[in-house]
Amino acid sequence: MSEVERHSYDVVVIGAGGAGLRAAIEARTRGLRTAVVCKSLFGKAHTVMAEGGIAASMGNVNSQDSWKVHFRDTMRGGKFLNHWRMAELHAKEAPDRVWELESWGALFDRTADGRISQRNFGGHEYPRLAHVGDRTGLELIRTLQQQIVALQQQDEREFGDPEARLKVFQECTITRLLTVPDAGSDTGNRITGAFGYWRESGRFTVFDAPAVVLATGGIGKGFKVTSNSWEYTGDGQALALLAGAPLINMEFVQFHPTGMVWPPSVKGILVTESVRGDGGVLLNSEGKRFMFDYIPDVFKEKYAKSEAEGDRWYTDQENNKRPPELLPRDEVARAINSEVKAGRGSPHGGVFLTVVGRMAGGTEEIRRKLPSMYHQFKELADVDITAEAMEVGPTCHYVMGGIAVDPDTAATPGVLGLYAAGEVAGGMHGSNRLGGNSLSDLLVFGRRAGEHAARYAEALGEERREAAPEQIDAAAAEALAPFATESAENPYTVHQELQQTMNDLVGIIRREGEMAEALTRLEELKARAAKAGVEGHRQYNPGWHLALDLRNMLLVCECVARSALERQESRGGHTRDDFPAMSPQWRRVVLACSIADPDAEHLSVTLTRSEAVPMRADLLELFERDELKKYLTDAELPGEDG
Amino acid sequence: MSYKADFRIWRGDVDGGELRDFKVEVNEGEVVLDIIHRLQATQAPDLAVRWNCKAGKCGSCSAEINGRPRLLCMTRMSTFAPEEVVTVTPMRTFPVIRDLVTDVSFNYAKARQVPSFTPPADLKPGEYRMQQVDVERSQEFRKCIECFLCQNTCHVIRDFEDNKAAFSGPRFLMRIAELDMHPLDVADRQKAAQEEHGLGLCNITKCCTDVCPENIHITDNALIPMKERVADRKYDPLVWLGNKIRRRGSGD
């Protein structure tokens with residue numbers, strides 16, 4: 001075996017966004033030696049991009065809010081495909097996770113009586129999002145980062161070494177999880193650690209650990225128009241697949257309705273939903289507020305029928321219904337898509353979103369409530385949002401699917417010692433995530449993953465297994481392959497073609513023939529990616545890094561395309577032109593992706609079906625029977641008197 | 001709308017390097033980072049650059065463009081004439097790793113030296129009460145995206161390497177000011193600012209404010225008030241004590 005740098009920890013967290021940092025804080029607070037490994041610099045994770053807020057039913061603005069209302073909204077937003085237990089835990093624990101941030105130094109915007117202010121958002125019945133202007137994600141990441149520093153300062157006082165029990169390994173990319181077969185588990189594998197490389201030097205490193213938490217985020221870089229940063233290459237999903245843990249619900253990809261559409265170089269950058277939560281409206285080229293034409297039957301009773309009623313709702317929510325601009329994201333994205341297709345779009349292929357004249361405090365209020373948006377449009381598009389409309393269109397934003405996990409412990413059913421939290425995990429958001437439910441998801445399940453990874457490692461004690469040397473050698477050989485390739489493919493070109501393929505053929509509106517075509521093209525791209533070669537040496541070489549990321553993107557994109565082709569209905573973030581209706585039978589179907597032979601030269605994904613766990617009776621009772629009828633099969637419905 | 005621009009980019013590593021010339025396509029609406037990416041995809045696949053969000057929110061792509069510290073993702077090509085040569089170099093204050101990537105670990109070390117937020121011992125999560133007007137000043141400082149351009153441009157360390165040990169730089173002096181102005185922080189920040197973080201070395205030339213991509217008034221709102229607090233207290237410790245007691249009272 002080649003000599004490789006080794007680090008030994010109790011818990012290794014991969015990813016340093018909201019979920020990863022919260023998991024690490026939990027594991028370390030429980031006294032375990034914890035490492036955080038991340039691709040970027042500490043504090044730069046994609047969580048900083050979150051704008052609108054953290055959903056938590058604290059009831060600071062409307063005291064009628066409660067976890068039950070939040071739970072209902074979350075299930076409705078996900079069109080009842082959510083794992084109800086995750087939605088329940090999330091709704092119950094989110095307030096504590098927000099208050100905890102405040103005790104670590106977060107400074108949220110305030111209500112008049114000095115509590116945390118909460119704002120309206122799509123799909124949420126009451127004002128529910130704790131926020132800091134439109135830069136809530138930055139506040140979250142900085143607070144967690146500073147809490148990690150606080151724990152390190154404690155360790156410095158106690159042990160004379162700030163990194164005694166919690167260390168961040170930044171700009172380090174993990175390419176394989178290390179496992180051994182485990183006779184004691186029917187699942188097959190047990191974690192022994194992780195293998196990766198330092199971006200700076202290109203040298204390899206091994207983390208020996210019995211417990212690994214995956215918190216690597218999403219997959220948006222597989223698509224051309226996306227709000228996601230370069231890091232979102234599906235690493236955690238691919239690592240899990242390769243280690244033997246399945247992915248579920250991968251057909252559900254959220255296209256955020258409002259991304260920038262112009263200039264081309266910023267196409268896809270997010271325009272926060274707070275713009276609509278704070279009064280902004282969507283207009284087509286005829287100046288019409290078109291969302292009133294797109295309220296689906298399942299939501300008819302919940303939304304305003306006239307502009308006047310919708311406008312009154314902002315100040316009087318007791319007596320009015322909310323405007324349809326605040327429908328869940330999947331509905332709004334499809335509506336914009338339809339308007340543009342019907343020829344009523346804006347000059348650059350989007351629609352108009354405006355806050356001009358929509359806030360009582362005028363220009364000053366716009367700049368105070370939406371400072372980042374003001375800045376972003378001014379700097380990048382020469383648009384003054386206090387005087388002009390923005391042009392917006394759908395952008396690939398979030399993947400609802402992900403690694404299958406146990407709702408309570410965040411443990412993967414496939415691999416002993418492997419946990420997942422945040423966007424990389426599946427189930428919580430069903431077929432469509434509500435805005436604001438992501439940051440709370442990160443904190444609730446990040447903490448749970450950290451806790452249970454710590455408990456597992458602790459219970460294991462000294463009974464740890466070593467990584468197999470041949471597995472480390474194989475991982476090293478795989479990572480070095482791009483340097484050995486002759487007549488090489490350009491990894492940047494392969495990446496661009498992948499993005500174009502997913503955008504054109506597995507995008508917001510899907511058709512059978514196109515998805516089959518996508519799968520054919522993905523096979524070709526896989527073959528080309530295997531030949532991707534790089535110039536130069538291993539020190540900070542972005543071409544090499546991309547060549548390695550391609551494996552992950554291609555695997556997760558194949559999962560998306562295969563699952564999407566299989567599911568013959570339309571629901572949330574999965575819209576089939578050829579199967580436009582939502583089907584109660586399909587609601588019960590969970591599609592899972594796995595890899596039969598992770599060591600094969602040619603990796604391919606297989607799909608299996610399983611049945612969703614039926615919702616607990618006391619949670620079913622939170623809904624009217626008439627509403628449940630829209631989603632559930634007759635057999636699933638509670639009795640008439642229930 | 002497209003044209004071919006002349007770029008000069010510093011390429012090299014810790015052992016040295018040089019400016020290299022490139023001719024590269026530029027399209028309407030693009031920023032400097034788009035051009036760097038085009039160079040990676042077409043001419044220099046191993047050109048090293050840090051970036052994440054490409055939307056001015058993460059503070060990763062800091063560098064110097066025509067000598068001025070800036071974010072690559074927020075510098076539009078339309079700010080240059082088509083015939084102008086655009087020179088891109090790494091931040092000068094930090095050791096270079098490769099090409100445009102520098103070793104910014106100095107900043108993480110300094111961050112760790114600032115004692116963390118210290119709330120009153122008896123205050124439980126969920127019980128915090130603060131007025132918007134009282135949190136706004138610290139909120140301004142928390143807009144910081146940690147691009148470290150202020151640290152890079154501050155001549156106290158840019159031109160005097162020896163000062164690095166004694167001076168935490170504008171970003172972390174501002175962090176101390178943020179905590180000092182937090183309505184519920186009870187730790188003494190002022191003595192440490194002066195004695196351990198080198199507040200006295202700052203001579204308020206406002207270079208940090210000039211380069212801040214978040215337009216934070218670092219000098220006027222953080223550093224000068226902090227200097228005033230330190231000065232007041234030197235003359236009268238009771239001023240400090242009085243401030244703390246009054247501010248805690250207003251949080252109830």
Side-chain angles (χ1 to χ4, degrees), chain A residues 40-46 48-49 95-96 99-100 102-105 107 109-110 113-117 132-133 135 138-139 142 146-147 149-150 152-153 162 200 229-231 262-266 269-270 372 375-376 379-381 490-493 496 534-537 539-544, chain B residues 13 27-31 33-34 40-42 44-60 74 76 78 97-99 101 103-104 108 111-112 114-117 119 123-132 134-135 138-139 142-146 179 182 185 214-215 251:
Chain A
S40 293
L41 291 176
F42 185 31
K44 305 297 181 196
H46 193 61
V48 302
M49 303 280 287
D96 283 336
W99 286 320
E100 173 179 82
E102 203 170 42
S103 74
W104 295 341
L107 279 175
D109 289 345
R110 318 305 298 179
D113 65 354
R115 293 186 291 171
I116 295 172
S117 177
V132 187
R135 57 160 190 88
L138 174 67
E139 186 70 11
R142 200 65 80 229
Q146 288 164 351
Q147 181 60 15
V149 167
Q152 292 179 325
Q153 290 170 346
E200 180 178 331
S229 78
W230 73 268
E231 294 188 293
W262 195 91
S265 77
V266 301
I269 292 183
L270 190 64
S372 303
H375 186 66
Q376 181 173 313
E379 299 277 324
L380 295 174
N490 179 340
Y492 295 96
T493 309
Q496 281 162 10
V534 292
E535 288 176 24
H537 48 77
Q539 192 194 16
Y540 220 111
N541 186 335
W544 179 40
Chain B
D13 55 29
N27 303 310
E28 187 182 5
E30 287 183 332
V31 294
L33 185 57
D34 288 313
Q40 287 181 329
T42 56
D46 60 343
L47 171 61
V49 62
R50 267 199 196 101
W51 71 286
N52 273 35
C53 74
K54 201 172 172 284
K57 293 186 198 306
C58 75
S60 300
M74 294 301 279
R76 296 184 69 181
S78 58
I97 292 173
R98 188 172 172 202
D99 302 339
V101 176
D103 176 357
V104 291
Y108 290 92
R112 208 182 265 166
V114 180
S116 52
F117 171 60
L123 192 63
K124 294 190 180 61
E127 292 177 350
Y128 285 50
R129 297 290 180 272
M130 297 176 268
Q131 291 302 310
Q132 182 62 37
D134 294 327
V135 299
S138 293
Q139 279 186 331
R142 289 181 73 83
K143 276 163 59 184
C144 172
I145 57 174
E146 297 203 330
L179 289 162
H182 189 300
D185 185 79
E214 287 294 304
N215 300 313

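A quick note: this is a predicted structure, and the numbers were derived from the prediction, not measured. We name chains A, B, ... by the order of the sequence lines, and we start the count at 1 in each one. Only this structure's heavy atoms are used, side chains among them; waters, hydrogens and symmetry mates stay out.
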Is there a donor-acceptor pair closer than 3.5 Å between any side-chain N or O of [X] and the backbone N or O of [Y]?
{"X": "A:Gln153", "Y": "B:Ser116", "value": "yes"}
{"X": "A:Ser265", "Y": "B:Gly29", "value": "yes"}
{"X": "B:Asp46", "Y": "A:Gly543", "value": "no"}
{"X": "B:Tyr108", "Y": "A:Phe42", "value": "yes"}
{"X": "B:Gln139", "Y": "A:Leu107", "value": "yes"}
{"X": "A:Trp230", "Y": "B:Trp51", "value": "yes"}
{"X": "B:Arg129", "Y": "A:Arg115", "value": "no"}
{"X": "B:Lys57", "Y": "A:His46", "value": "no"}
{"X": "A:Tyr540", "Y": "B:Val101", "value": "no"}
{"X": "B:Lys54", "Y": "A:Val266", "value": "no"}

Task: Verdict with supporting geometry, B:Arg112 and A:Gln152, side chain to side chain donor-acceptor pair (under 3.5 Å) - done: CA-CA 8 Å; B:Arg112 208 182 265 166; A:Gln152 292 179 325; 3.1 Å; yes
Out of [options], which one racks up the most heavy-atom pairs below 4.5 Å with chain B?
{"options": "A:Asn541, A:Val48, A:Val534, A:Leu380", "value": "A:Leu380"}
{"options": "A:Gln376, A:Gln496, A:Gln539, A:Arg135", "value": "A:Arg135"}
{"options": "A:Ile269, A:Ile116, A:Thr493", "value": "A:Ile269"}
{"options": "A:Glu379, A:Glu535, A:Arg142", "value": "A:Arg142"}

I need the residue from [options] with the largest number of non-hydrogen atom pairs under 4.5 Å to chain A.
{"options": "B:Pro115, B:Ser78, B:Gly56", "answer": "B:Pro115"}
{"options": "B:Val114, B:Val31, B:Val104", "answer": "B:Val114"}
{"options": "B:Ala48, B:Pro119, B:Ala44", "answer": "B:Ala48"}
{"options": "B:Asp34, B:Leu33, B:Thr42", "answer": "B:Asp34"}

Task: A:Glu100, CD atom: more than 12 neighbouring heavy atoms under 6.0 Å - done: yes
Checking heavy atoms, do the side chain of [X], its backbone, both or neither come under 4.5 Å from chain B?
{"X": "A:Leu138", "value": "side chain"}
{"X": "A:Asn490", "value": "side chain"}
{"X": "A:Gln147", "value": "neither"}
{"X": "A:Glu231", "value": "side chain"}
{"X": "A:Asp113", "value": "backbone"}

Task: Steps toward side-chain contact (heavy atoms from CB on, under 4.5 Å) verdict (B:Gln131, A:Arg110) - done: CA-CA 6 Å; B:Gln131 291 302 310; A:Arg110 318 305 298 179; 5.9 Å; no
Nearest 0.5 Å, please: how far is [atom2] in [Y] from [atom1] in [X]?
{"X": "A:Glu200", "Y": "B:Asp103", "atom1": "CD", "atom2": "CG", "value": "6.0 Å"}
{"X": "B:Asp13", "Y": "A:His537", "atom1": "CG", "atom2": "NE2", "value": "6.5 Å"}
{"X": "B:Lys124", "Y": "A:Trp99", "atom1": "NZ", "atom2": "CH2", "value": "14.0 Å"}
{"X": "A:Gln146", "Y": "B:Leu179", "atom1": "CD", "atom2": "CG", "value": "7.0 Å"}

Open item on the list: Set out, in order, the CA-CA distance, both residues' side-chain angles and the distance that settles side-chain contact (heavy atoms from CB on, under 4.5 Å) for A:Trp262 and B:Glu28, then state yes or no.
Closed with: CA-CA 10 Å; A:Trp262 195 91; B:Glu28 187 182 5; 3.4 Å; yes
Portion of [X] that has a non-hydrogen atom of chain A nearer than 4.5 angstrom:
{"X": "B:Ala41", "value": "both"}
{"X": "B:Leu47", "value": "backbone"}
{"X": "B:Lys143", "value": "both"}

Looking at [X] and [Y], what are the two nearest heavy atoms and their distance?
{"X": "A:Met49", "Y": "B:Ala55", "value": "CE-CB, 4.3 Å"}
{"X": "B:Asn52", "Y": "A:Ser40", "value": "ND2-OG, 2.9 Å"}
{"X": "B:Phe117", "Y": "A:Trp104", "value": "CD2-C, 3.7 Å"}

Open item on the list: Any carboxylate oxygen within less than 4.0 angstrom of a Lys/Arg side-chain nitrogen, looking at A:Glu139 and B:Arg142?
Closed with: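 A salt bridge is present here (some side-chain N lies under 4.0 Å from a carboxylate O).
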State, yes or no, whether a side-chain contact exists between [X] and [Y] at a heavy-atom distance under 4.5 Å.
{"X": "B:Gln40", "Y": "A:Tyr492", "result": "yes"}
{"X": "A:His375", "Y": "B:Asn215", "result": "yes"}
{"X": "A:Lys44", "Y": "B:Glu146", "result": "yes"}

